[in-house]
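I have placed the structure first, in the form of structure tokens, so that the comments after it can refer back to it.
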Amino acid sequence: AVFVAPVACGVANLDLGDYKMPVTTSSEEAREAFNSGLIHEYGFNQLEAQASFLESLAASPEFPMGWWGYSYALGPFLNNPVLSDDAYALARSAATNASVAAEAAASTAAYCTEKEEALIACNLMRFPSSANQTAGAIAFSNCLGDAVEQSQFASDPDMLTFYGEALMMLTPGMYYYDDLMDGKPSGMYSTAQEAEVVLRNALKLSDNPMAMHLYIHLTEGGMPGSSAAEHPNDDLSATRGAAAATRLELLNISGSGHLEHMPGH
């Protein structure tokens with residue numbers, strides 16, 4: 001496979017905290033740029049994330065996870081769940097490049113780990129050729145769900161966090177309620193419950209800032225029937241995300257404005 005190295009974008013040197021996701025590359029520059037992109041993505045700063053992932057690809061054009069990250073940053077997220085046709089095509093192209101690069105790496109010493117292969121394969125399912133974004137979101141979620149049931153990923157905080165996000169993307173913004181004003185349970189109530197369990201597990205295992213970010217969004221509206229009298233053994237109130245908010249605040253990721261702001265939710 002031959003890849004054209006993207007133009008370096010001159011990403012600013014910002015304090016993005018200490019959280020890293022291990023990735024396979026011989027280029028330390030590519031690895032560093034990848035993790036910068038990941039934290040920007042965790043803070044919903046798509047443009048900075050895209051620029052960082054492009055920096056990683058400029059350093060190593062055949063870096064599979066660089067292409068995965070670029071596709072992830074181009075793709076839908078909670079604050080922009082539906083892509084335009086052009087944006088979808090670009091994200092799908094990057095996802096395809098990640099898959100091709102992973103296949104090429106498999107025949108060399110620059111292999112991908114099982115985790116990387118799983119993320120790349122699931123991400124490709126997110127962008128079907130039909131451009132049916134709803135079907136893609138479901139396939140993506142199901143793929144990650146199958147992955148975290150495997151023993152090698154069941155306690156992986158990154159995989160759990162990506163799966164939690166994929167579940168939330170099935171009903172972005174309306175997790176436990178379809179309408180906060182009427183207080184009736186959402187049609188996706190059970191999906192929200194599953195996402196909460198998954199993210200709680202991720203938070204037990206690590207200080208993944210995205211898990212904290214997502215958990216705050218998921219829980220900030222409370223849930224139907226969440227009084228202490230109805231659930232004496234569980235804190236299901238809107239304040240149950242407070243611990244995640246405190247942990248995120250203590251990480252002090254000053255280079256991501258959105259992650260700095262999230263504890264205020």
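Not measured: the values here are computed from a predicted model.
Atom CG of D18 has 12 or fewer heavy atoms from other residues, nucleotides or ligands within 6.0 Å.
N35 places a side-chain N or O within 3.5 Å of a backbone atom of M21 that can act as its donor or acceptor partner. The backbone N or O of A91 lies less than 3.5 Å from a partner atom in the side chain of S71, making a donor-acceptor pair. Panel note: side chain S60, backbone S56; no donor-acceptor pair is recorded below 3.5 Å. A donor-acceptor pair under 3.5 Å is absent between the side-chain atoms of E62 and the main chain of A101, judged by distance alone.
Listed by first and then second residue, the side-chain hydrogen bond (donor to acceptor under 3.5 Å, both in side chains) pairs that reach into residues 146-160 are Y19-D158, K115-D156, K115-D158, Q150-Q152, D158-N208, sequence neighbours excluded. Contacts classified as side-chain hydrogen bond (donor to acceptor under 3.5 Å, both in side chains) and involving residues 245-260 (residues at least two apart or in different chains) are given here: D207-R247, H213-H258.
Atom CZ in R92 sits 11.5 Å away from atom CG in N97 (nearest 0.5 Å). Once rounded to the nearest 0.5 Å, the distance linking NE2 of H217 with CG of L199 reads 11.5 Å. Interatomic distance, CG of L38 versus CE of M210, reported as 8.5 Å (0.5 Å rounding). Rounded to the nearest 0.5 Å, atoms CD (Q46) and CD (E41) are 4.0 Å apart. Separation of atoms CD (E220) and OH (Y215) is listed at 12.5 Å; rounding is to 0.5 Å. Summarising the geometry, atom CD1 belonging to I138 is positioned 13.0 Å from atom CZ belonging to R126; distances are rounded to the nearest 0.5 Å.
Counting only heavy atoms from C-beta outward, the side chains of M159 and L119 approach each other to under 4.5 Å. Between E55 and F53 the shortest side-chain heavy-atom distance does not fall below 4.5 Å. Contact of the W68 side chain with the F34 side chain is registered, since non-hydrogen atoms from C-beta on lie closer than 4.5 Å. The shortest distance between side-chain heavy atoms of Y163 and E194 falls below 4.5 Å. For the pair S141 and M169, the minimum side-chain heavy-atom distance is 4.5 Å or more. A 4.5 Å side-chain heavy-atom check between T25 and M65 finds every atom pair outside the cut-off. With a 4.5 Å cut-off on side-chain heavy atoms, P64 and I120 count as touching. Contact check for D15 versus I253: no side-chain heavy atoms found under the 4.5 Å cut-off.
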Practice problem: Please step through side-chain contact (heavy atoms from CB on, under 4.5 Å) for the pair E165 and M168, ending with a clear verdict. | Solution: CA-CA 5 Å; E165 180 185 25; M168 291 173 68; 5.6 Å; no
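Note on F44: it clusters hydrophobically with L259, by side-chain heavy-atom contacts below 4.5 Å among ILVMFWY residues. Note on F63: it does not cluster hydrophobically with L124, by side-chain heavy-atom contacts below 4.5 Å among ILVMFWY residues. Hydrophobic clustering, with ILVMFWY side chains joined whenever heavy atoms are under 4.5 angstrom apart, groups L170 together with F77. The hydrophobic clustering, which links ILVMFWY residues whose side-chain heavy atoms are closer than 4.5 Å, places V198 and F153 together. In the hydrophobic clustering of this structure, F162 does not group with M125; members are Ile, Leu, Val, Met, Phe, Trp, Tyr whose side-chain heavy atoms approach within less than 4.5 Å, directly or through other members.
Checked by atom type, the side-chain pair T24/E116 shows a donor-acceptor distance below 3.5 Å.
For the pair L83 and N80, the tightest heavy-atom approach, listed with the atom from each and the gap, is CD2-ND2, 4.3 Å. Of all heavy-atom pairs spanning L214 and T161, the tightest one is CD1-O, 3.9 Å. The nearest pair of heavy atoms linking F127 to A95 is CD1-CB, 3.9 Å. Across all non-hydrogen atoms, the minimal contact from C122 to F140 is O-CD1, 3.2 Å. Scanning both residues, L16 and I39, for their nearest heavy atoms gives O-CG2, 3.6 Å. The minimum heavy-atom distance linking L90 with Y70 is given by the pair CD2-OH, 4.2 Å.
Residues passing the side-chain contact (heavy atoms from CB on, under 4.5 Å) test with N201 are L160, V197, K204, sequence neighbours excluded.
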